[in-house]
Amino acid sequence: MTDVLAEKAARPQRALADTSAADHSEGMSYLNSLPRRLVTLYLPLGIIMAVLLFPFYWMALTSVKPDEQLLDFDVYSPFWTWNPTFKHIYKLLFETEYPIWLWNTMLIATCATALSIFASVLAAYAIVRLRYRGAQWVGGAIFLAYLVPPSILFIPLSTVVFQYGLFDTPFALILTYPTILIPFSTWLLMGYFKTIPFELEECALIDGASRWQILVKIVLPLAVPGLISAFIFCFTLCWNEFIYALTFISSTQYKTVPVAIVTALVDGDVYRWGSLMAGAMIGSLPLVILYAFFVEHYVSAMTGAVKE
Amino acid sequence: MTDVALKSRLDKRPIQEPTPWDQLKTNKNWLGLWFMLPAAAILILFLAYPLGLGVWLSFTDAKIGRSGEFIGLENYEWLQGDSTFLLSVFNTMLYTTVASVIKFAVGLYLALLLNERLPFKAILRAVVLIPFIVPTVLSAIAFWWIYDAQFSIISWTLKEMGLITANIDFLGDPWNARWSTIFANIWRGVPFVAITLLAGLQTVSPSLYEAATIDGATPWQRFRFITYPLLTPIIAVVMTFSVLFTFTDFQLIWVMTRGGPVNATHLMATLSYQRAIIGGSLGEGAAISTAMIPFLLAAIMVSWFGLQRRKWQQGGEND
């Protein structure tokens, strides 16, 4: 009898000892049994994942399905194909201007990102470290700029772009995208610069370094993770941007992938679904690849900026 | 501190008045100006000025290729009686409300699931984000194909299962089109909400949950009294962004329905594009997009202050 009681008393203690030894991220999930976890965790997770990923599967499958199987659900099972073809992808790459659109998107995204990061680094450094008169006020204004959506700006901006003589040139996009990118990356980099110990800069100042030297030789090397995050975020946003590219560019040879697919690849009533899906898939690939390498940076950029 | 360091360095030299050039190079306020210049130039030329111009345009009868005359509130008066505009306001409200609420619910649920002990956790988290990474237009095209009137895979599956007999006309019927576009928006928005909330969840110390469990708290109580209060600030920011992006959405609608059928899915953004760029009435389009600003401010206020209130009610720091 006493043994049983002692056993009972010891049990919670053992459980506690187990948790403290285990990884903290496990929390208290050891309390749940497997069948329970199956229903409350794996099943809903599986459903959500399937829904999130299905459009990509469908996109990829359509882009390699032969035409006759594409529209005939009675004979061929729509969920799989045994004779994949690269005809759609070949047609897309060699019989349309798709490579040019890819190149445009790449060029515009790279230039706009570089410009934005240059401007944001300077602005963020000035706001966080120089603390000039009104710095805080300017910081707030930059955050507000992030809340001004392109859907409100595109009409006046189209007349402005026309006034500046930029209409239908890549510069129209290279110069307007930074208005979306600078507020965000400035905000992100401000957070990173704050974490760099000020003593380092003080020492450099005493040794006679100029502010520019401090920024280039001390602050930037230490802020590399922040710079990568800002770069990926800017690049993704540029690649994703639609409304400015749709409004400011009219010649087919200057279009970016998202706009070109919607306006140039869809002709009349005949939708070339195979090529369309191939275009959508190939257009997403660069971002997915970039993202695969820098997932952690991307997530920290997104969450870091939100936590600020 | 900086100034002291600088001064001590300068003191060692023979006394010399700083030249104006030195002032420009070392004075904090001037330096601040130089450093701000590139960002400020771009933001003023391409953001602040157009924003002002947009409001001005909304008071004119400008058309493409013709700068307009000032006509006061005429555009807005005309819009008040325009049934298409009123419908687009209704659609925008419906779209934003339904999509934001569901995005929040599913996003939070997914975040809680991903916060559990799981095999391949890192990969799962990475995969969840993919709908958010892929350009909206490209995934919208995929949805367009999924929602195809004749060859929709959803219709086919439901027919095979014997649940329906005829194809569902996803984008051809007004209400179907509304729900279909809202679903696509939710699909795209959930990963952002989920991953950000997950980051917030991970800052919550597990010892709090252990303490609560020992005190006999149920899972719901643990969520309600530990997770939710600690997550509130991050929920406020995420939902502000989410509402903002949903309210001003253009891409999904434009690719999938162009506002049709019979204007049933026109949002204010797509309607202003149609009136201003396709129709050429810049003034009217500008009035529609300017009309979004008050709604937008209200939505931001509600989700920001509504959720932040807890924090300063309890006397927490508002940093």
Side-chain angles (χ1 to χ4, degrees), chain A residues 24 26-29 41 44-45 48 52 55 58-59 71 73 78 118-120 122-123 125-126 130 132-133 135 145 147-149 151-153 155-157 160 175-176 178-179 182 202 205-206 208 211 236 239-240 242-243 247 258 261-262 273 276 280 283-284 287-288 291 295 299 302-303 306, chain B residues 1-2 5-6 9 28-29 31-32 35-36 38-39 42-43 46-47 50-51 53-54 57 110 113 116-117 126 128 131 133-139 141-143 145-146 151 153 156 195-196 199 206 209-210 213 234 237-238 244 248 250-251 255 269 272 276-277 282 285-286 289 292-293 300:
Chain A
H24 261 298
E26 283 183 19
M28 290 175 301
S29 45
L41 180 59
L45 198 61
I48 295 179
L52 287 182
W58 199 231
M59 212 190 246
L71 301 179
F73 288 175
F118 172 72
S120 314
L122 293 181
Y125 182 76
L130 291 178
Y132 56 91
R133 207 179 303 144
L147 298 179
V148 180
S151 323
I152 289 181
L153 281 183
I155 296 172
L157 207 49
V160 169
L175 290 169
T176 50
T179 58
I182 288 177
E202 263 177 349
L205 269 177
I206 292 168
R211 287 291 189 171
T236 317
W239 204 277
N240 193 358
F242 182 63
I243 194 165
T247 316
I261 285 194
V262 176
W273 286 113
L276 211 54
S284 326
L287 285 187
V288 173
Y291 163 78
V295 154
V299 173
M302 221 166 65
T303 52
V306 171
Chain B
M1 210 50 191
T2 329
L6 261 180
R9 181 164 68 88
K28 254 191 344 185
N29 292 330
L31 264 178
F35 275 64
M36 289 307 296
I42 291 175
L43 290 181
F46 291 100
L47 191 110
L51 191 62
L53 185 69
L57 273 178
L110 184 57
L113 290 180
E116 297 282 328
R117 186 166 51 96
V128 162
I133 310 291
V134 165
T136 316
V137 170
L138 304 183
S139 48
I141 290 179
F143 268 102
W145 172 219
I146 289 173
F151 302 106
I153 185 66
W156 184 85
I195 293 293
T196 341
Y209 294 113
E210 278 163 21
T213 315
I234 209 162
V237 183
V238 171
L244 189 76
T248 60
F250 173 84
Q251 315 193 6
V255 173
S272 75
I277 309 294
L282 286 179
S289 53
M292 287 164 79
I293 296 176
I300 292 172

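Residue numbering restarts at 1 for every chain, and letters A, B, ... go by the order of the sequence lines. Values below: all heavy atoms of this structure, side chains included; hydrogens, waters and symmetry mates excluded.
Nearest heavy-atom pair, B:L31 versus A:R211, reported as atom, atom and distance to 0.1 Å: CD1-CG, 3.4 Å. Contact detail for B:L113 and A:P44: the closest heavy-atom pair is CD1-CB, 3.9 Å. What you find for B:A276 and A:I155 is that their closest heavy atoms are CB-CD1, 3.4 Å. Residues B:P135 and A:L287 share a closest heavy-atom pair of CD-CD1, 3.7 Å.
A distance of 5.0 Å separates CD1 of A:I261 from CG of B:L138, quoted to the nearest 0.5 Å. Between the OH atom of A:Y132 and the CZ atom of B:F35 there is a distance of 11.0 Å, given to the nearest 0.5 Å.
Options B:I153, B:I277, B:V128 differ in how many heavy-atom pairs under 4.5 Å they form with chain A, and the most are formed by B:I153. Note: B:I146 leads B:I146, B:L282, B:I293 in heavy-atom pairs under 4.5 Å with chain A. In terms of heavy-atom pairs under 4.5 angstrom with chain A, the leader among B:L53, B:I42, B:I133 is B:I133. The candidate from A:L175, A:V262, A:V288, A:L52 with the greatest count of non-hydrogen atom pairs under 4.5 Å with chain B is A:L52. Chosen from B:F46, B:W145, B:F143, the residue pairing most often with chain A at heavy-atom distances under 4.5 Å is B:W145. Interface check for chain B: of the options A:T236, A:T176, A:L45, A:T247, the most heavy-atom pairs under 4.5 Å are formed by A:L45. Most heavy-atom pairs under 4.5 Å with chain B: of the set A:A126, A:P149, A:S151, A:A145, this distinction falls to A:S151.
When heavy atoms are compared at a cutoff of 4.5 Å, B:L244 approaches chain A solely by way of its side chain, counted from C-beta outward. At a 4.5 Å heavy-atom cutoff, the contact between B:L57 and chain A is made by side-chain atoms alone.
In this structure A:Y291 satisfies the ring-ring contact (aromatic ring centres under 6.0 Å, His included) test together with A:Y298, sequence neighbours excluded. Every residue meeting the side chain to side chain contact (heavy atoms under 4.5 Å, CB included) condition with B:L51, not counting sequence neighbours, appears here in chain and number order: A:V148, A:I152, A:L153.
Ring planes of A:F242 and B:F250: tilted class, angle from 30 to 60°.
In this structure the side chain of B:Q251 reaches within 4.5 angstrom of the side chain of A:N240, judged on heavy atoms.
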